[in-house]
Structure formats: C-alpha cells, structure tokens
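All remarks here apply to the structure that follows.
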Amino acid sequence: MSRPPRVVVIGHGMVAARFLDDLTRHAERTGAAFDITVLGEEPYEPYNRLMLSEVVAGRADLASLTLPAAPEDVTVHAGTAAVRLERERRVVIDAEGREHPYDLAVFATGAEAVMPPIPGLGAGGGQGVRAVRTIDDCRELLAACTPGRRMAVLGGGLLGVEIACGLRTRDVDVTLVHRGGHVMDRQLDAPSGQMAAAVLGDLGVDVRVTSGIVRVLREKEHLVGIELADGERLDIDGLVVNTGVKPRAEIARAAGVPVDIGILVDERLRALDDDSVAAIGDCAQTDAGCPGLIAPGWEQAGRLARELCENDQAATAPRSAPIPQPTPQATPEPRPEPEVSIVKLKAVGLDVVALGEPLPDPFAAHAQGLRVLTLSDVGERRSATIAVDGERIVAGVVVGSPRVAADLMSAYERRTPLPLDPAHLLVKGASNPDAVPQAAGPTALPSTATVCRCNGVSKKEIVDAHVEGARCVEDVAAATRATTGCGSCTATVCGILEWMDEVNPAQEATMA
C-alpha cells in the first residue's frame, strides 16, 4: 500500500487552523488520508487574533480566543518555526534543524506589522513600541496599561480606533495620530469621519488627523515622546503602531518561489512554478491581490482542502514523476466574490457601520445617477448617510445609531425596495430611538439572512443548530463556526438563541 501524501503546513494561525479542520472534514467524507505536519512559530494553540482588541478593551480574555486544537493524528510542532524550504529535495527545515519531507508544502504564514521608517523607531519598534498582532503583543500592552499612563496610537484605521477606545477603558491617556484627513478614511466619508472623531473626543481620545510622527524621542533607549509633523512634542510612555501589514513571504522568496507582495498563486492556490507548494491567507497573492481579510483566507483554506481530498493525484505522485494536472471536471470553480460588503467597528463607546464602497461626494454621485442622503445630529453625536441607486441602497455609513444601522443593513443586504422618499429610512429611526426597527429583532430576520459574515452563516443554520441541541454561543460556534471570526455577530447570535429558547425550549424544561 502506498503511503499517504505528506502535507507540511508552515504556520499555525487562523487560516492554518481552518485548513486543518476543513481537510479533516473533507477527508472523512471522501475517505482520503494524509500525513500532516504543522510548524507553528508561536508556542500556543491557534487563536483568534481578530479579537485581541476586545481583550485590550476588557470585553474578552485571552483564554477565550483559543481555537479548536488540531486533530490528534496531526503532528504539531508549536513554538518551532520553519526556517528554510528546499524545493529540490522537497523538505522543510525547522528552527531546530529537523527536516520535514513533503509532497505539498502549504504556506499559511499570514502577515506582519509594518514599522514605518520614522527616525528613532527602528525596524522592530524598540522599547515602548509595539503592534498588536500576537498574544505576546497583547500581554505586553496590557502590562503597560496602568491608569494615568500616556500612550499614542499611530494609525486611525479600524484597528487603531479599536485599540484607542480599548486603552481609554483602562484609564490610559490616549492620543490617536492619523495621516489621513479623517479617521477610518478607507471606510468613511469625511463628514462621517468627523462625527466619529467627535465621539472619540467625548471618550477622552485626543485625535490628531492630517498629522504624523516625524521622530520618536528616546533617552537612554527609553521612549519618552514623539514629535508630530507640525513640530509639536508629545510626552508619552508607549506607542502602538497600526500602519498596515505585509505578507510574510521571506521563506518562499529565499527558496525561489515567485513572490511579488505575497506568494504568487494560481486559481488552485499553487505557486506559479511549483504544484508542490501552495499558499493561503494573508501570505497568498491571487489575481485579486492580497485582501488582508479573514473571510477570503478561510475560503482559500476550504477550497484547497476540498481539492486535495477530491483529487489527490498531485499529492500522491512519485517525486520522479511529473505532477499531473487536475482534470477540468475535478477543478473546483472559483467561489464568486461576495456581492455585499459590511464593516462593523468593534470599539467601546463608538458604533460605526459602513456598507458597500466608500461613499462618493454627493455632487459626483448625482452625476453618476446616484442619490446621497444624509442626516446629521451633532449634538447627539450620530449621523447616517446612504447612497441610493434606483430603488436600493448601494452604500452607506451610520455613526452612533445602531438601530438605524440595523434597518439599513437589512435593506442593503436583502436589496429590498426603498420608500418613495428614502429619507424616511433615516428619519424614522432617528426620530423615535425607542422604537424597535423591523430588522432589529431576530424574529424579523429572514431565514436566509447572513448573521456571521466571516463564515457565511445564515439565521437558518443557527436555528437548525439550536434545534439539534446547541443552546449556547460556544455550541453554535462548534456547529456552524459563527462568532469565530471578527466577533461582531455575537450579539445577534445571542438574540437568536434567546428567541429560540422561548419557541423551542429544552426538553428538560417542558417536563415538569
């Protein structure tokens, strides 16, 4: 009997964990078998790094971030990084010098924080400077969060705003420095960004936009302050950098694998010049680029696992034989890009929802045949703006009004026809804040509504899981994977479970 294909996974983060889970599920379905080895740089079980900002904010603990462990038949070397790939011999060499032969090497190395070239910062940041990418980063930041300390957050994107709000919950004095014209400028239009900045100011965050750090100030290697672009000096004890990430592709590049920004892969997620090398997640670069989001990485993990189980000729081929190409019938069709885009900010004290592409200027939108409607209430720190194409919403931003956001998300995602005057969507929710919008309650959500967008889980799947015995969020996560991504769907999942507990009580409760 021939040996099972040897799969070496380089990296043990969220995408790698999903790949192992999907590979196990598909292998059970198809009867395929693999000899799997995982090399993970961090000495931990895989965990949900998207929720690290929730730990900073005190709304989650590190233990709750752990993802399911790899199956028992998978060999995991935690805390042992891969250091070299030798393609001619088809072996991966780890930091301890051990060789791991492979038929397929899967890069799932993710991305790393970029430290901008600021004098005094250094390639690794240096003392007092950190990104928030790992559990260790989070622990170091929490250890530094004593009340009254002064910290700056560089970068006012999603994560930067979340971190700044989280630090304020720990009574840290926070300055948010952002080079753009307004915070979250990739998701928000200028007025919405200004409203979000006003809320941040109310929370005690000192927001500096159209600015940047030109120098990190140190005394005897210790961080003491920063100099801003206008020459102002701020005395600080710590600096959190959130200025972007880059794919971790150094091992692949050193091995001669085609690399641009990330590892270049084809529609089968294989390296362009080598079918025995694959890449998934943040380190992979497809024709669509490097999205840097968890949902595409998980989709890639599932697609590669499915292809391996349904057509493993490439993995089982002898080393000396050319690797056959899959038949057209066996090649999975690429999954279509999602038709909707919804971004929900997870920040203590600041509610922001962005729908679709960034909102255009109203006059430019009018020239394109779109209508842009805005309702702004500076005193109550809330605003809502939508772009309408014919009878449906194509984009929108809501700040400080989750009830209005619920209505607009439902209309946007379901593509429901709008009132003759779409402004009613904004006025209704804002004029009666105590009213429950149509989309707010779980009973009003259609069964096909997507609840967890990271995993594509519908309301029906959560209801079905409840019927099958999943009575808590952890059980639903195990059954459907809902809430295991960014976590923004957790409240909705809890609402559905509470509703289902009423309409479908546990058997023990009905036997009195």
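Between Thr134 and Asp137, the side chains place a donor N or O and an acceptor N or O closer than 3.5 Å (distance only, hydrogens not considered). Between the side chains of Asp501 and His466, at least one donor N or O lies within less than 3.5 Å of an accepting N or O. A donor-acceptor contact closer than 3.5 angstrom links the side chains of Asp136 and Tyr44. Side-chain contact, Thr385 with Thr374: a donor N or O sits under 3.5 Å from an acceptor N or O. Defined by atom type and a distance below 3.5 Å, a donor-acceptor pair is missing between the side-chain atoms of Asn242 and Arg133.
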Query raised in the report: Taking it one step at a time, do Arg233 and Glu227 satisfy salt bridge (Lys or Arg N to Asp or Glu O under 4.0 Å)?
Result: CA-CA 4 Å; Arg233 168 179 170 149; Glu227 181 182 337; over 6 Å; no
**Report entry** Val240 vs Leu154, side-chain contact (heavy atoms from CB on, under 4.5 Å): CA-CA, chis, key distance, verdict
**Finding:** CA-CA 6 Å; Val240 182; Leu154 177 60; over 6 Å; no
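A donor-acceptor pair is defined here as one N or O able to donate and one able to accept, closer than 3.5 Å; no such pair exists between the side chain of Asn48 and the backbone of Leu65. Side-chain N or O atoms of Arg84 include none that pairs as donor or acceptor with a backbone N or O of Ile251 at under 3.5 Å. Using a distance-only test at 3.5 Å, with no hydrogens or angles considered, a donor-acceptor pair links the side chain of Arg168 to the main chain of Val172. Checking side-chain atoms of Tyr47 against main-chain N and O of Ile135 turns up a donor-acceptor pair under 3.5 Å. For Thr169 (side chain) and Gly166 (main-chain N/O), a donor-acceptor pair under 3.5 Å exists by modelled atom type. Counting only distance, with no hydrogens or angles, the side chain of Ser410 and the backbone of Asp407 share no donor-acceptor pair below 3.5 Å.
Judged as a ring-ring contact (aromatic ring centres under 6.0 Å, His included), and not counting sequence neighbours, His182 has no contacts.
Taking every heavy atom of both residues into account, Ala164 and Leu176 meet most closely at CB-CD1, 4.5 Å. The heavy-atom pair separating Arg49 from Met14 by the smallest distance is N-SD, 3.6 Å. Taking all atoms of both residues into account, the shortest heavy-atom contact from Phe107 to Cys283 is O-SG, 3.5 Å.
A heavy-atom distance below 4.5 Å is not found between the side chains of Met151 and Asp173. Residues Arg208 and His178 fail the side-chain proximity criterion, which asks for heavy atoms closer than 4.5 Å. Contact of the Val132 side chain with the Ser53 side chain is not registered, since no non-hydrogen atoms from C-beta on lie closer than 4.5 Å. Using a 4.5 Å heavy-atom cutoff, the side chains of Val92 and Leu39 are in contact. Trp298 is not listed as a side-chain neighbour of Asp21, based on a closest heavy-atom distance of 4.5 Å or more. Side chains of Glu41 and Arg248 form a contact here, defined as non-hydrogen atoms less than 4.5 Å apart. The shortest distance between side-chain heavy atoms of Leu203 and Cys165 falls below 4.5 Å. Using a 4.5 Å heavy-atom threshold, the side chains of Val457 and Thr450 count as separate.
Separation of atoms CZ (Arg381) and CG (Leu200) is listed at 10.5 Å; rounding is to 0.5 Å. Taking CE of Met184 as the start and CG of Leu159 as the end, the distance is 11.0 Å to the nearest 0.5 Å. Distance check, rounded to the nearest 0.5 Å: CG of Asp189 to OG of Ser383 gives 7.5 Å. Residue Arg170 holds its CZ atom at 8.5 Å from CG of Leu141, rounded to the nearest 0.5 Å. With values rounded to the nearest 0.5 angstrom, Leu239 atom CG is found 11.0 Å from Gln127 atom CD. With rounding to the nearest 0.5 Å, the separation of CH2 in Trp499 from SG in Cys494 is 15.0 Å.
Pairs engaging residues 285-297 under the side-chain hydrogen bond (donor to acceptor under 3.5 Å, both in side chains) rule: Asp260-Gln285 [sequence neighbours left out].
For CD of Glu232, the number of neighbouring non-hydrogen atoms (other residues, nucleotides, ligands) closer than 6.0 Å is greater than 12. Around atom CD of Glu357, no more than 12 heavy atoms belonging to other residues, nucleotides or ligands sit under 6.0 Å away. For CZ of Arg179, the number of neighbouring non-hydrogen atoms (other residues, nucleotides, ligands) closer than 6.0 Å is 12 at most.
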